[in-house]
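In what follows, a structure is listed as C-alpha cells, so that the remarks can point back to it.
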Amino acid sequence: MSQPPNTVTHPLSFLDQQPHIRNYGRHLTIFPFPAFSPSHADAAVHALRTGLAVTLQRFPQLAGSLSIPDRTTGKLRLVHPQNINAATDINRIFSPSFAVVDDPKFSFDTLAARHFDPNDFPADIFCPALLKNHPGLDDGDAYATGPTTLAKDIDVPVMAAQATFVHGGLVLSVWCHHCVADGTGMRRVYSTWSRGVRNGVEITADADEGEGQGDGDGDGGSVEEMLDTLARSSAPEQTLPHPPTAAVKPGLRTGSYQVSTKLLRFSQDKIVALAHTLSTLTRTRISPFIALAALTWSHIHLARSALLSPFSTQSSSLAVVVDLRGRLGGTFERAATYIGNCVLSAKPHIESLPAMVGSISPEAMAPFALRIADALGTFDRGAITARLATLVASNAATPAIDCQDLRFANGPDVYITDWRGMGMDNEWGVPGTSSATPVAMRRACWSGEGGIVVLPRGRGGEGAWEVLVSLAEEDEMELEAGLGGVGGWK
C-alpha cells in the first residue's frame with residue numbers, strides 16, 4: 001500500500017503498536033450553555049474551530065489517518081498532511097450538531113441531575129460525524145466504539161470531534177485513536193485546545209507549564225525511537241526474553257452474560273479518612289487514590305466471591321496503569337509535544353484471597369492497599385526497562401500486550417486507570433458558556449469488563465470522587481450492595 005501524496009509518516013513506538021489499544025479513546029467535555037441562540041452557537045463553533053487549528057499545528061498527527069500497509073507484519077502506519085489546511089482538515093475533523101438541542105431527554109439540567117452519567121450519552125447522538133458509519137470501521141461498529149482491525153484495508157482517521165448543543169449545555173465529544181495518544185497525551189491536547197479557544201493565537205512549544213520543548217532532546221531522536229532504544233539497551237537484542245506464554249485462567253462463568261458500566265460516586269471526606277486509616281493499619285503512606293483502588297478492588301472481589309470459591313486459588317491481580325514519563329525522567333518527562341503511549345501497568349497481586357461475607361472493613365482492605373503501594377513503589381526505572389524489553393522482543397511479529405498474563409473479561413483480575421488530571425481545570429472560555437472550565441468530563445460509550453476509570457477532577461480535589469466500573473451485571477449489583485455497607489462508602 002503506497003503512501004498518499006503530500007503526507008508525512010509519523011513514527012509509532014512499539015507501545016503504540018500494542019493490539020489491545022487499537023480502538024478509539026472517547027471523551028466528553030461538558031459545559032453549561034444557558035442562552036442558546038444561532039449567533040451564540042456560531043461564536044462557540046468558531047472559537048472551537050480556531051482552538052482546534054492551533055492544536056493541529058502543534059500535533060499534526062491528529063489530522064492524520066491509520067492503516068496497515070503490510071499484513072505480514074500487521075503494524076500500523078500513521079500519515080498526516082504536510083501542511084494543515086483550515087478549509088479542509090478542520091472541516092473534516094470537526095462538526096457541530098443541533099440534532100437534540102430541543103430534546104428534553106438531553107437537556108443540561110436533566111443530564112446534571114444524574115451527574116452526567118455516561119450511559120445517558122448514546123453513541124448515535126454523540127459520536128462525531130466523521131466517524132459515524134465510516135467505511136474503514138469493522139462491520140457492526142457504526143460509531144467506533146469497538147476494536148479497529150482495519151480488516152477492510154480502508155484508512156481510518158486519527159481523530160474526530162463534534163460540538164453537540166443540548167438545551168442549556170454544550171458537549172464536546174472527541175474520539176481519538178488510542179494508538180496515537182494516551183491519557184497524558186490527551187491532557188496535552190485538551191490543554192492546547194483550550195488555550196487556543198481562549199487566546200485564538202498560535203501557542204509556543206513551551207506553553208505547557210513545567211514541561212520542556214519539542215519531542216526530543218535534539219540528539220536522541222524522537223521519543224518513539226528513544227523508547228525502542230531504551231528497551232533494547234537493557235539486554236543484547238539476541239538474548240531479549242520473549243514474553244512467556246501465560247497459563248489461561250479459567251473463566252468465572254460458562255454461559256452468556258451481560259456487562260454493564262456504572263458511574264459510582266464516593267464522598268471526598270470518606271476517601272481521605274479511609275486513606276488515613278489504611279496508612280495507620282499498614283504503617284505505609286496510603287494516598288487517597290490507593291485507598292480508592294483498594295476499596296474498589298476488595299469490593300469487586302467480594303462481589304465475585306461466590307464465583308471464585310470453586311477455584312483452589314482465589315487469586316487476583318490489579319493492573320494499575322502508570323505514566324512512565326516521570327519515572328523515566330529526562331527527555332521522556334520534558335518532551336511536551338509527545339502525546340503517544342508511554343504507560344505500563346504495575347501489577348499488585350494477592351494469592352489465596354480470604355473468603356469475604358457482607359461488608360468489608362478497613363482491616364480487610366489493608367492487604368489490598370499495601371500490595372498496591374508496594375507495587376507502585378517498586379515500579380522504578382529498572383523494573384520498567386525490564387518490562388519494556390520483554391515487549392519489544394516480540395515486535396517482529398504480533399506485538400506483545402503488557403497485561404497478557406491477566407484475565408479481565410470473565411476473569412478474576414481488574415485494572416484501574418487514573419484520569420484525574422485529564423483537564424477539568426482547563427479554562428476554555430467558549431463563547432456562550434457560563435463556566436470557563438468544564439463542569440464534567442466523561443469516558444463515553446465504554447464497556448470493558450474488569451475496568452475501573454477514575455474520572456477527571458479539579459486540582460482543588462473538591463466534591464465527590466467519580467469512578468466508572470465495568471463488570472458483569474450480576475457482579476455490578478453485588479458491588480453496589482457491598483459498597484452500601486459499613487455506613488456506606490458512597
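Ring planes of Phe165 and Phe33: perpendicular class, angle over 60° (limits at 30 and 60°).
Annotation: His80, atom NE2; neighbour count of heavy atoms from other residues, nucleotides and ligands within 6.0 Å is above 12.
Put simply, the side chain of Ser267 gets close to the backbone of Lys270: a donor and an acceptor are under 3.5 Å apart. Looking at His115, its side chain never comes within 3.5 Å of a backbone N or O of Asp117 through a donor-acceptor pair. Looking only at distances, no side-chain donor or acceptor of Asn426 sits under 3.5 Å from a matching main-chain atom of Trp428. With Trp193 contributing its side chain and Leu48 its backbone, the two residues share a donor-acceptor pair below 3.5 Å. With hydrogens and angles ignored, the 3.5 Å screen pairs a side-chain donor or acceptor of Ser173 with a backbone N or O of Phe126. Under the 3.5 Å distance criterion, the side-chain polar atoms of Trp175 are matched with a main-chain donor or acceptor of Tyr143. In this structure a side-chain-to-backbone donor-acceptor pair under 3.5 Å is missing from Arg195 to Tyr190. Looking at Asp425, its side chain never comes within 3.5 Å of a backbone N or O of Thr437 through a donor-acceptor pair. With Ser222 contributing its side chain and Glu225 its backbone, the two residues share a donor-acceptor pair below 3.5 Å. Remark: the backbone N or O of Glu476 is not paired with any side-chain donor or acceptor of Lys262 at under 3.5 angstrom.
Val259 places none of its side-chain heavy atoms less than 4.5 Å from the side chain of Leu471. No side-chain heavy atom of Phe94 sits under 4.5 Å from any side-chain heavy atom of Gln162. In this structure, the side chains of Val469 and Thr261 stay at 4.5 Å or more apart for every pair of heavy atoms. When side chains are defined from C-beta on, Leu483 counts as touching Phe266, because their heavy atoms get closer than 4.5 Å. Using a 4.5 Å heavy-atom cutoff, the side chains of Leu324 and Leu344 are in contact.
The closest side-chain donor-acceptor pair between Asn341 and His178 falls under 3.5 angstrom. Under the 3.5 Å distance criterion, with hydrogens and angles disregarded, no donor-acceptor pair is assigned to the side chains of Arg381 and Thr385. Residues Asn91 and Arg49 have side chains that bring a donor and an acceptor to within less than 3.5 angstrom of each other. At a cut-off of 3.5 Å, with distance as the only test, no side-chain donor of Ser316 or His301 sits close to an acceptor on the other residue.
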Practice task
Mind running side chain to side chain contact (heavy atoms under 4.5 Å, CB included) on Val156 and Tyr24 for me, showing each step along the way?
Solution key: CA-CA 11 Å; Val156 296; Tyr24 284 91; 3.5 Å; yes
Practice task
Begin with the C-alpha distance, continue with both residues' side-chain angles, and end with the deciding distance and a verdict on side chain to side chain contact (heavy atoms under 4.5 Å, CB included) for Ser65 and Val79.
Solution key: CA-CA 6 Å; Ser65 60; Val79 299; 3.7 Å; yes
Exercise for the section: Before giving the answer on salt bridge (Lys or Arg N to Asp or Glu O under 4.0 Å), spell out for Arg327 and Asp380 the whole-Å C-alpha distance, their side-chain angles and the decisive distance to 0.1 Å. Expected result: CA-CA 7 Å; Arg327 294 175 186 246; Asp380 56 14; over 6 Å; no
Practice task
Take Asn23 and Thr148 through the side chain to side chain donor-acceptor pair (under 3.5 Å) test and state the conclusion after the steps.
Solution key: CA-CA 5 Å; Asn23 51 62; Thr148 50; over 6 Å; no
Practice task
Begin with the C-alpha distance, continue with both residues' side-chain angles, and end with the deciding distance and a verdict on side chain to side chain contact (heavy atoms under 4.5 Å, CB included) for Val453 and Val467.
Solution key: CA-CA 6 Å; Val453 181; Val467 180; over 6 Å; no
Practice task
Walk me through it: do Met365 and His299 pass the test side chain to side chain contact (heavy atoms under 4.5 Å, CB included)?
Solution key: CA-CA 9 Å; Met365 293 180 216; His299 278 82; 3.8 Å; yes
Practice task
Could you please spell out the steps behind the salt bridge (Lys or Arg N to Asp or Glu O under 4.0 Å) verdict for Asp89 and Arg92?
Solution key: CA-CA 5 Å; Asp89 294 313; Arg92 173 174 54 86; 3.0 Å; yes
Problem - From CA spacing to verdict: side chain to side chain donor-acceptor pair (under 3.5 Å), Ser191, Arg187 - result: CA-CA 6 Å; Ser191 177; Arg187 175 179 65 79; 5.9 Å; no
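Using a cut-off of 4.0 Å between Lys/Arg side-chain N and Asp/Glu carboxylate O, Arg265 and Glu466 are scored as salt-bridged.
In this structure, CG on Leu328 lies 5.0 Å from CD1 on Ile384, to the nearest 0.5 angstrom. Expressed to the nearest 0.5 Å, how far CG of Leu62 lies from CE of Met159 amounts to 5.0 Å.
For Ala294, the side chain to side chain contact (heavy atoms under 4.5 Å, CB included) partners two or more places apart in sequence, or in a different chain, are Phe368, Ala369, Ile372. Taking Trp419 as the reference, His27 meet the ring pair (Phe, Tyr, Trp, His ring centres under 6.0 Å) condition, with sequence neighbours excluded. Partners of Phe332 under the ring pair (Phe, Tyr, Trp, His ring centres under 6.0 Å) rule, at least two apart in sequence or in another chain, do not exist in this structure.
Minimum heavy-atom separation, Met186 to Ala181: SD-CB, 3.8 Å. The two residues Thr192 and Arg58 have their closest heavy-atom pair at OG1-NH1, 3.4 Å. Residues Arg442 and Pro118 come closest through the heavy atom pair CD-CG, 3.9 Å. Taking all atoms of both residues into account, the shortest heavy-atom contact from Gln17 to Leu76 is OE1-N, 2.8 Å. Considering every non-hydrogen atom in both Leu56 and Ile90, the closest pair reads CD1-CD1, 3.4 Å. When every heavy atom of Pro81 is checked against every heavy atom of Ala63, the shortest pair comes out as CD-O, 3.6 Å.
Tyr415 has its ring centre less than 6.0 Å from the ring centre of Phe408. The aromatic ring centroids of Phe116 and Phe108 lie less than 6.0 Å from each other.
Listed by first then second residue, pairs satisfying salt bridge (Lys or Arg N to Asp or Glu O under 4.0 Å) with a partner in residues 171-185 read Asp182-Arg325, not counting sequence neighbours. Residue pairs that meet the side chain to side chain donor-acceptor pair (under 3.5 Å) test with at least one member in residues 28-38, sequence neighbours left out, are Ser37-Ser39, Ser37-His40. Residue pairs satisfying the side chain to side chain donor-acceptor pair (under 3.5 Å) criterion with at least one member in residues 277-291, sequence neighbours excluded, are absent.
In summary, of the residues considered (Val430, Val45, Thr164), a side-chain contact (heavy atoms from CB on, under 4.5 Å) with Leu170 occurs for Val430 alone.
For the pair Arg26 and Trp446, the NZ or CZ position fails the cation-pi test of under 6.0 Å to the six-membered ring centre and within 45 degrees of the ring normal.
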